[in-house]
K.L.:
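First the structure, then my questions, so here it is.
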Amino acid sequence: MTEKEKMLAGEVYSATDSELLRELLETRERICDYNALRPGETARMRQMLHELLGDVGDDNIIVNQPFHCDYGKQISVGKRFFANFNLTILDEARVTIGDDCFIGPNVSIYTACHSTDPAERNSRREWALPVTIGHNVWIGGSVTILPGVTIGDNVTIGAGSVVTHDIPAGTVAAGNPCKAIKRAIEK
């Protein structure tokens, strides 16, 4: 297997592999172009997001600048997706976001994992775990979502939360670590 294939399969891989470093650089170049667009260039922004991301549900996508990701192609967003300023997605594994999701400013979604052992970490070998966010989810500002997390449908994540474990559908969750604190109001 190539290092990229290992990465996508959730296996330990070398983060310094030349193919992966080349793809990271290409994505950063495209992200730089995206972030340099004028705010009124919404049609060009949508076009660039369709080219950059793995799957986009429809043209009702808004990702306020600046936006940052590692590869882009491992990110899928559903219909009517909105992300406020400063969204960062480290997409070494799949990041799947459902329809009608709203993401507040300064949100970070991570899939990359590193050893807690310094010698192993310094080898630059890592692995990645996917993140899945359901439909009708609101993620408040400055939330961090860690690798391997699944957030169910109809969830609100309170601002400043650190999501370390799965969050069940139909809940309001908050805190560090984030946990469900009440059932969501359904109308």
K.L.:
Sort out for me which residue in Val77, Ile62, Val63 forms a side-chain contact (heavy atoms from CB on, under 4.5 Å) with Leu49.
P.N.:
Val63
K.L.:
So how far is it from Ser108 OG to Leu90 CG, rounded to the nearest 0.5 Å?
P.N.:
7.5 Å
K.L.:
Among all residues two or more places apart in sequence or in another chain, which pass the salt bridge (charged side-chain N to carboxylate O under 4.0 Å, His left out) test with Arg38?
P.N.:
none
K.L.:
Sorted by first residue and then second, give each salt bridge (charged side-chain N to carboxylate O under 4.0 Å, His left out) pair with at least one member in residues 72-82; sequence neighbours left out.
P.N.:
Arg80-Asp100
K.L.:
Scan for salt bridge (charged side-chain N to carboxylate O under 4.0 Å, His left out) pairs involving residues 54-66, sequence neighbours excluded, and state none if there are none.
P.N.:
none
K.L.:
Classify the angle between the aromatic ring planes of Phe67 and Tyr34 as parallel (below 30°), tilted (30 to 60°) or perpendicular (above 60°).
P.N.:
perpendicular
K.L.:
Check this for me: does any side-chain nitrogen of one of Glu26 and Arg22 sit under 4.0 Å from a carboxylate oxygen of the other?
P.N.:
yes
K.L.:
Is it true that atom NE2 of His50 has more than 12 heavy atoms of other residues, nucleotides or ligands lying nearer than 6.0 Å?
P.N.:
yes
K.L.:
So does Lys179 have more than 12 non-hydrogen atoms from other groups sitting under 6.0 Å from NZ?
P.N.:
no
K.L.:
By side-chain hydrogen bond (donor to acceptor under 3.5 Å, both in side chains), which residues pair with Gln65, not counting sequence neighbours?
P.N.:
none
K.L.:
How many angstroms lie between atom OG1 of Thr111 and atom CG of Asp70, to the nearest 0.5 angstrom?
P.N.:
7.5 Å
K.L.:
Below 3.5 Å, can you tabulate the donor-acceptor pairs from side chains in residues 133-141 to any protein atom, sequence neighbours excluded?
P.N.:
from	atom 1	to	atom 2	distance (Å)
His135	ND1	Asp99	N	2.7
Asn136	ND2	Asn154	OD1	3.2

K.L.:
In chain order, what residues pass the salt bridge (charged side-chain N to carboxylate O under 4.0 Å, His left out) check against Glu41, with sequence neighbours excluded?
P.N.:
none
K.L.:
Kindly indicate whether the side chain of Trp127, heavy atoms from C-beta on, has any atom under 4.5 Å from the side chain of Glu11.
P.N.:
no
